[in-house]
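Here's the structure we're looking at; comments come further down.
Here is how names work: the chains are called A, B, and so on, in the same order as the sequence lines, proteins then strands, and each is numbered from 1.
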Amino acid sequence: MKIQEADAKSLLLAHGLPVPPWELARSPAEVRAAAERFFAAGAARVVVKAQVLVGGRGKAGGVKLAGSADEAEAVGAAILGMEIKGITVRKVLVAEAAEIVREYYLGAILDRASRRIVVMASAEGGVEIEEVARTNPGAIHRLATHPFLGLQPWQARQLAYAVGLGGHVRDFVRIAGGLVATMRDRDADLVEVNPLAVVRGAPGPAGQATDQLVCLDAKITLDDSALSRHPDLEAMRDLDEEDPVDVEARSLGINYIHLDGSIGCMVNGAGLAMTTMDLVKRAGGEPANFLDIGGGAKAERVAAAMRLILADPKVQAILVNIFGGITRGDEVAHGLIEARSRQSREVPMVVRIVGTNAEEAARLLREARFETAASLDEAAATAVAIAAGGAMGGAA
Amino acid sequence: MKIQEADAKSLLLAHGLPVPPWELARSPAEVRAAAERFFAAGAARVVVKAQVLVGGRGKAGGVKLAGSADEAEAVGAAILGMEIKGITVRKVLVAEAAEIVREYYLGAILDRASRRIVVMASAEGGVEIEEVARTNPGAIHRLATHPFLGLQPWQARQLAYAVGLGGHVRDFVRIAGGLVATMRDRDADLVEVNPLAVVRGAPGPAGQATDQLVCLDAKITLDDSALSRHPDLEAMRDLDEEDPVDVEARSLGINYIHLDGSIGCMVNGAGLAMTTMDLVKRAGGEPANFLDIGGGAKAERVAAAMRLILADPKVQAILVNIFGGITRGDEVAHGLIEARSRQSREVPMVVRIVGTNAEEAARLLREARFETAASLDEAAATAVAIAAGGAMGGAA
Amino acid sequence: MSILVGRETRLLVQGITGREGEFHSRQSLEYGTRIVAGVTPGKGGRRALDGRVPVFDTVADAVAATGANASVIYVPAPGAPDAVMEAAEAGIATIVCITEGIPALDMLTAVEVARDRGATLIGPNCPGATSPGSQAKVGIIPASIHRPGGVGVVSRSGTLTYEAVQAMTDAGIGQSTCVGIGGDPIIGTTFTEILRLFHDDPETEAIVLIGEIGGAAEEEAAAFAAEHLRGTPMAAFIAGRTAPSGRRMGHAGAIISGGSGTAADKIAALEAAGIRVAGSPTELPRLLRESGYRG
Amino acid sequence: MSILVGRETRLLVQGITGREGEFHSRQSLEYGTRIVAGVTPGKGGRRALDGRVPVFDTVADAVAATGANASVIYVPAPGAPDAVMEAAEAGIATIVCITEGIPALDMLTAVEVARDRGATLIGPNCPGATSPGSQAKVGIIPASIHRPGGVGVVSRSGTLTYEAVQAMTDAGIGQSTCVGIGGDPIIGTTFTEILRLFHDDPETEAIVLIGEIGGAAEEEAAAFAAEHLRGTPMAAFIAGRTAPSGRRMGHAGAIISGGSGTAADKIAALEAAGIRVAGSPTELPRLLRESGYRG
């Protein structure tokens, strides 16, 4: 689960990391009020940043500077309500614009290959790390932390010297340690500070203006499997940015991802669900969704999944593909029959059920006059043909 | 550093362990008031326990039951002010007397040989574990925890089944985990619950009386080397029970332990200080103290050590034994000369200084007319002879 | 012969008295798997599966009493990493963790402990492993889809594996061992390690690899195959050609992030290693034959 | 030959620019020890000890540039365990930690990391090791007390060791290596491990062991000696015959607790192993001779 910059910054702050103060605003008036407070505290300029979970907000015009309260309000009005990659901006973060001396990258990720938390740092901060990885991979310094011990101070020092932050080694060690601690304590997959910046004039404890290492942006992705033990983090989920259907699916224990096509898919198992989408595409159609009903689904979950699919007005045909293992084919068939009896609009359906109790499923579907298919390839082709306005098949 | 039972219980409670409520009392009236509160809450009897850091308080009469407020007050009056192994009882703990079904032992220690935290459990609780180790060593089950991982739940389960606490396995796992967590978080050398007891009638969350596993007594020893990072624990030091001279020595950075003899010792290095005591004893005398002035001691610390030794009225002679390494002999000699010039009573002294700058030290001591000795054995023999009223030596 | 599980497997079931554990253990027993013990803390001394299997409180007790050398874990997510570590510390050589939804950081620790102890951990969030020729079924892969033979199958997925194996069985191609390595980002054993085992197994004559988007395990496997498996007939399938970027496709590990982990990358890497990649699981038997498999 | 430190020692000093580090490094240099590098984070690129020793920011840098194979640590207690781990991870084979006052639980971790990396850690809270015949002095043992020879000395103490070594030197008995293993409860290397090294060292012909109250390391050493060192002349001294129970005698490890760790127990164990125990350090030369040492 991704969380907003402001939430990520709160988590870093809770681990004692240096994050300059910010305010959240939901209206131009709130942006103005926040900006006025920063100006009153001595800021020369403020930055207004769109709070969206998609990347590339800078290029999209979602980050702007303002030198006065009037300007801040105007900038806020421009950003709030803007669409970035299909997401409407509903909140902005307002903060003093730092005078940046130099930008660095610092991130901690869960590395699959080494089964370690890997800490990465680069002197090329402020740009996407994937971009640096492509154009100048040697600029990224990586170190693997011990799974039991976490990041050791000596490791962090090595990294500080490697990226040329030796002059801020103590702060760097503290920040890198805090990043990994945040990752471990919060069950994050990714904790990224980009830029980690040396800034001038940021007020020190006694108000003096000296070079300081601070976290100017923060990105945290949480491990969905661990959210149940972090109710405070689950509360950071931004429902504004989620498709309401996704939210409903999650509450039903169904893995559902909305896509743009016209063939609704209902499958058991994530790999098979992706394969089903791929075969729809291969047959010339476009999948309307990814949907995994999970293992051992009962009739009612099948019916709920059908409702989710039908809630998408673009769906022209439905492809059901079940390979019974833990899941029993007859249960699925019952669910489908139940769902069809209640469904609000008539959408043609192709059903393929093999594996556990497939014979009983076949009998039930035959009796209920469902369109069936023997192979996955055939099922995909039929569904695509139907959606394209072709024949419903002889049996219908 | 040892801490009192009540403090140890607070630490366990802070880690979520089941410790029945208690109150501390410093006067019979306070004992009565506390007992009345327990009786009012439904207790049939209360237990009053002397809070002293020495062992064996039970045998010494420092733990007593009372069935009424009057009796509690009387028992409190008997225990408060009592002397246990030379320590005056100034506080007692008052708690409801639990109805014990069975007593167990559970402890976590720092094991030198394996360099591990070792958790020990036994079905023979309520008696000293050293006693069990002597009489029935097979009754003690031990397991070593991984230095990075701590106590794993599966390990704790093994221990629970080994001692026959399978019926309380969940609680046992939680308690044992809490013991090790307490040890790690507080830098303890030892965390002991004895007895860990199955008690009847302890009120559950809904007031029901069921068998429960609770910590009836607790003993924690803290790592002196780690106290500086735990100021809250340093505050648990019970100055009432410490010799004021010990307290002063600590504040001066001197390792001093008061003993019963007449030969004051001042040595650099712990092993050599013990050896000096041993040689005093071997020469027929009794050491008055252990005193290590530490490495690199300057004149002023030497003078302070001398004041500590002289504060003991039993001291009849002083033996100074310095093997210069980091410590410079001439610095010590200066300190001794300084100290003698100010000392309030005349106590004969034998000084032996070898190693770094020993020649300069010898010259200074000769000029100041100190009694000196070439070898440690000779120095000890001379000091003992002096204390026994023998000759001060020809040079005096 | 086979890999991971076989005739010599003496299986312990951790969580044998739970609903899942009992159901699948019954299937395994019926298949012919030798289940020697179960573990459920607090139920030591009882017998499970109609009295056929003794239950112990701890894995150490079970190993001491029965000589179990493999374990399958059906323990719910909060306790599963501990169960893995208990098995590893008790000396179990092959540990298969079926459990889904285990926090990744918990698995970092459990994987490390298993490694330290020299145990092979399969999973978590995997369907397990079956060696049809040895009638050894450890996990939840349906028995009906198999046929004994010479093809090693390794996959990150569950039902997609069944689909592929069924297609092979239907085409008369049998399997040496089918291994589901799991769909989580942090798993005990990756493609490359399984390929190495297949490489060393005399009974395995050909290999099918079924991957999906996310991570770079397929690319690493391709590099291994290019170096060590040039003579072995192989075919592959990669799920998720149409998956959008930045979304987890069901499996915690199936996500394209920052433009890496795409199906296209994986297919390109496999093809560069000389491995044909099927457009549908049903094409795998044909590609295997065309790559030279005669079994 | 010698143990732990010798002619082949290329010494790194961690904390070389601190007061203690600089003072003692100067003594080591004068003794003839080859100090190849120092480490002080933030002072990389400078030179220490009148320009004779290059300083690096990290141990890895120092090892890469100078081939250091031993390290001595004068870093203050809060940073010392990290310094030990940094040295171990950088591949340093012999690590001597002089620092006093390190929390015991921090050392549990550092000792484990050193073990995992195959490094020998001496200390903490120890005076170090000196091999007089090789002019290798690593730590704070005064140079003046030594004489090259064939007796290995191992001790938990500092100045008491000096006393014993001085007595030997005065009696014309030289030393192969003198090792102070440290007075803390958790130390990297115990008596037994040092005895094993002495046992395997052809130059060491006799051994002196200097123990004290607390723990059971002397008893374990006695058991080792009884089994492996019957032919080696040995003598011992145990400090703390008069120490009271339950009080730490200066060293964190020197405490009689629950009636165990007494001098009487240790003396009995050593004597049972055939080792004579001196009543005073000055008697050690005589006991060594009487036990058959002719060096």
Side-chain angles (χ1 to χ4, degrees), chain B residues 2 54-55 110 112-113 115-117 128-130 133-134 146-148 183-184 187-190 221 223-226 228-229 255 257 259 261 267-275 277-282 286-287 290 292 294-296 321-327 354-356 375-377 380, chain D residues 20 23-24 77-78 100-109 111-112 127 140-142 144-145 155-163 166 183-187 190 210 212-213 215-217 220 237 239-244 246-254 258-260 263 279-282:
Chain B
K2 289 179 191 169
V54 294
L110 194 64
R112 298 170 183 221
R115 286 97 152 183
R116 293 278 188 275
I117 292 174
E128 284 199 3
I129 192 70
E130 292 85 4
R134 257 189 304 275
H146 190 286
F148 305 160
M183 191 155 184
R184 289 162 65 110
D187 277 300
D189 292 339
L190 169 83
T221 309
D223 179 357
D224 294 320
S225 296
S228 63
R229 62 185 180 196
N255 267 308
I257 292 171
L259 301 168
V267 189
N268 67 326
L272 191 56
M274 280 188 273
T275 301
M277 288 160 50
D278 294 349
L279 293 179
V280 164
K281 176 88 173 181
R282 195 176 187 226
E286 288 291 342
F290 166 93
D292 170 13
N321 183 31
I322 302 295
F323 202 114
I326 317 178
T327 309
V354 291
T356 310
S375 84
L376 177 47
D377 302 313
Chain D
E20 295 274 297
F23 176 79
H24 293 291
E100 189 182 342
I102 301 175
L105 293 179
D106 290 0
M107 278 318 295
L108 285 189
T109 302
V111 165
E112 184 77 7
I140 65 175
I141 303 178
S144 61
I145 62 173
S155 169
R156 275 166 71 183
S157 182
T159 50
L160 171 56
T161 317
Y162 312 164
E163 190 82 45
Q166 183 76 65
D184 276 2
I186 302 298
I187 52 176
T190 61
I210 298 166
E212 63 188 33
I213 56 161
E220 290 154 22
F237 178 76
R241 292 175 197 239
T242 52
R247 304 295 302 263
R248 282 183 206 282
M249 304 304 279
H251 287 159
S260 73
S280 164
T282 52

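Put simply, the side chain of Asp278(B) gets close to the backbone of Arg241(D): a donor and an acceptor are under 3.5 Å apart.
In this structure, no portion of Ile141(D) lies under 4.5 Å from any heavy atom of chain B. Both the backbone and the side chain of Thr109(D) have a heavy atom closer than 4.5 Å to some heavy atom of chain B. Interface remark: Glu163(D) contributes backbone and side-chain atoms alike to the contact with chain B (heavy atom separation under 4.5 Å). Heavy atoms of Asn268(B) lying under 4.5 Å from chain D belong to its backbone as well as its side chain. Proximity to chain D involves both the backbone and the side chain of Arg116(B), based on heavy atoms less than 4.5 angstrom apart. Of the two parts of Thr221(B), only the side chain, counted from C-beta on, holds a non-hydrogen atom closer than 4.5 Å to a non-hydrogen atom of chain D. When heavy atoms are compared at a cutoff of 4.5 Å, Asp223(B) approaches chain D solely by way of its side chain, counted from C-beta outward. Both the backbone and the side chain of Arg248(D) have a heavy atom closer than 4.5 Å to some heavy atom of chain B. When heavy atoms are compared at a cutoff of 4.5 Å, Arg112(B) approaches chain D by way of both its backbone and its side chain. Of the two parts of Ile117(B), the backbone and the side chain both hold a non-hydrogen atom closer than 4.5 Å to a non-hydrogen atom of chain D.
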Checklist entry - Please walk me through it: do Thr282(D) and Leu376(B) pass side-chain contact (heavy atoms from CB on, under 4.5 Å)? => result CA-CA 8 Å; Thr282(D) 52; Leu376(B) 177 47; 5.5 Å; no
Checklist entry - Can Phe323(B) and Gln166(D) be said to form a side-chain contact (heavy atoms from CB on, under 4.5 Å), step by step? => result CA-CA 10 Å; Phe323(B) 202 114; Gln166(D) 183 76 65; 3.7 Å; yes
Next on the checklist: Run the side-chain contact (heavy atoms from CB on, under 4.5 Å) test on Ile213(D) and Met274(B) for me, step by step, so that the C-alpha distance in whole Å, both residues' side-chain angles and the decisive distance to 0.1 Å come before the verdict.
Outcome noted: CA-CA 9 Å; Ile213(D) 56 161; Met274(B) 280 188 273; 3.8 Å; yes
Checklist entry - Does the side-chain contact (heavy atoms from CB on, under 4.5 Å) test come out yes or no for Thr190(D) and Arg115(B), once each step is laid out? => result CA-CA 11 Å; Thr190(D) 61; Arg115(B) 286 97 152 183; 3.6 Å; yes
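The residue among Pro78(D), Ala104(D), Pro142(D) with the most heavy atom pairs within less than 4.5 Å of chain B is Ala104(D). Most heavy-atom pairs under 4.5 Å with chain B: of the set Ala217(D), Gly250(D), Ala252(D), this distinction falls to Gly250(D). The choice from Gly253(D), Pro127(D), Ala263(D), Ser155(D) that makes the most heavy-atom pairs within less than 4.5 Å of chain B is Gly253(D).
Rounded to the nearest 0.5 angstrom, Leu105(D) CG and Leu110(B) CG are separated by 6.0 Å. Separation of atoms OG1 (Thr242(D)) and NZ (Lys281(B)) is listed at 7.5 Å; rounding is to 0.5 Å. The CG atom of Asp106(D) sits 10.0 Å away from the OG atom of Ser225(B) when rounded to the nearest 0.5 Å.
Other residues, nucleotides and ligands place more than 12 heavy atoms under 6.0 Å from the CD atom of Glu220(D).
Pairing each heavy atom of Gly271(B) with each of Glu212(D), the nearest pair is CA-OE1, 3.9 Å.
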